[in-house]
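Atoms within each ligand, like the ligands themselves, are counted from 1 in listed order.
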Amino acid sequence: MKRIYLSSPTIHGDEQRFVQEAFDTNWVAPLGPNVTSFEQEMCAYAGCSHAAALSSGTAAIHLAMKCLEVKEGDIVFSSDLTFSATCNPITYENGTPVFIDSERDTWNMDPEALKRAYEKYPNPKAIIIAHLYGTPGKIDEIMAIAREHGTPVVEDAAEALSSTYKGAKCGTFGDIGIYSFNGNKIITTSGGGMMVSENKEYTDLAVFISTQARDQARYYQHSQIGNNYRMSNIVAGIGRGQLLHLEEHKAIKKKIYETYREAFADIPQIKLNPLNPDGDANCWLTCMTIDPDCKVTPNDVMDALAEKNIESRPIWKPMHLQPVYAESDFFTTDGLQPNTAPQKGDNGDDWDKSIGGDIFRHGMCLPSDIKNTDEDMEIITDTVKSLFK
Ligand SMILES: *Cc1c(COP(=O)(O)O)cnc(C)c1O
């Protein structure tokens, strides 16, 4: 049986051209002309001034924490409903993540819950917001709160490359933006990431630290701890080729969302992930939630798809429900949610009153692969629909 993927790499051939160029000129090394060009081309695409190409999106977030001087004990407000790479880098620098619940309109950080967090923690070192599944969050509201308190903002746009909000690209609103080119993202370099900013000091520092923080000296001298986080010239070649097809990928992802919307229009128990009316989402993954009163659960749908060799996955499990973050504070619109130290595997059913937890328990991600044919989409939607008959 043919495998239908959630979101796998789509390679076109242009990538090979840039990689070949690197081979032909013996630039099979870190750095090199593809890295510089990829940074320039990403800046031109995203509409920002400076970029640093790095080994992963996680590395980019880690360096963002270093640029903003997050240190031991510093509070950093983070999206709660997201992939763990959004907030793990806070802990790499011994900072303390404080999680903020989602709102229902875009599934992203809730500005009202963010205000509640400031009541307990008036001086956070930074805020990191993720644009989940490619849908831009309530950027104006969050930026206004952050500016009022003088808190720098990092935008985790790992899933939202090419998404726009009021006409500008996600990743360019905060003080620092980050992108990921992991294998399942909208474009890939096999693995890679990028930091973008209007502030050259940040991207310069990211380049410096990502190449082992070597001082300008005759000897190998270091005044600061470095990382080996720079993107290689081969990887950047793949990125340059992929970037030429980014808009095309976005158009196909949006069409996939539209296909699901039409297919499930007459099933009132199914709702797709909301799109922000102030933006244009890249629809990286189409997700759905099922009415809690419905006898069909997301697990039933995922099992039925798996039987037909179709890949799907749960919604990200919120950070406040993760055993590793059991001690962390978590704010909803009602204020601090009591820490009931969830057990391993606990999905929070009985006690969790959060919006993110609710989306997690009743939602799932549908296969959103660019290479899905019309027949593939029909098999998927028929399989889902058959459960609701
Ligand atoms: C993929 C992803 C990352 C991490 O990017 P990598 O390149 O895989 O390190 C960070 N945040 C979010 C929201 C992601 O989806």
Practice item. Say whether K185 and ligand 1 are in contact under the criterion: heavy-atom distance to a ligand atom below 4.0 Å. Key: yes

Exercise for review: Report yes or no: does G191 have a heavy atom closer than 4.0 Å to ligand 1?
Suggested key: no

Mind telling me whether [Y] and [X] have parallel, tilted or perpendicular rings, with 30° and 60° as the class edges?
{"X": "Y260", "Y": "F264", "value": "parallel"}
{"X": "F331", "Y": "Y121", "value": "perpendicular"}
{"X": "F330", "Y": "H320", "value": "parallel"}
{"X": "W316", "Y": "Y133", "value": "parallel"}

When only distance counts, is [X] in polar contact with ligand 1, meaning an N/O pair under 3.5 Å?
{"X": "T58", "result": "yes"}
{"X": "W316", "result": "no"}
{"X": "F83", "result": "no"}

Could you tell me, atom by atom, which parts of ligand 1 come under 4.0 Å of a heavy atom of [X]?
{"X": "T82", "value": "13 (C)"}
{"X": "A158", "value": "2 (C), 3 (C), 10 (C), 11 (N), 12 (C), 14 (C)"}
{"X": "T86", "value": "11 (N), 13 (C)"}
{"X": "A85", "value": "3 (C), 4 (C), 10 (C)"}
{"X": "G192", "value": "7 (O)"}

Point to revise | S56, portion touching ligand 1 at heavy-atom distance under 4.0 Å | key: both

So does [X] pair up with [Y], basic N to acidic O under 4.0 Å?
{"X": "K115", "Y": "E112", "answer": "yes"}
{"X": "D280", "Y": "K254", "answer": "yes"}
{"X": "E159", "Y": "K253", "answer": "no"}

Closest non-hydrogen protein atom to [atom], residue and atom name please, with distance?
{"atom": "atom 8 (O) of ligand 1", "answer": "N182 ND2, 3.4 Å"}
{"atom": "atom 15 (O) of ligand 1", "answer": "E159 OE2, 2.5 Å"}
{"atom": "atom 5 (O) of ligand 1", "answer": "S180 OG, 3.2 Å"}

Point to revise | Minimum non-hydrogen distance to atom 12 (C) of ligand 1, winning option of L81, D156, I178, L132 | key: D156

Check your understanding: Is the backbone of Q212 close enough, under 3.5 Å, to the side chain of H222 for a donor and an acceptor to pair up by distance?
Key -> yes

Review point. Given side chains that start at C-beta, do those of M194 and L161 come closer than 4.5 Å, heavy atoms only?
Key: no

Check your understanding: For V296 and V301, which heavy atoms make the closest approach, and how far apart are they?
Key -> CG1-CG2, 3.9 Å

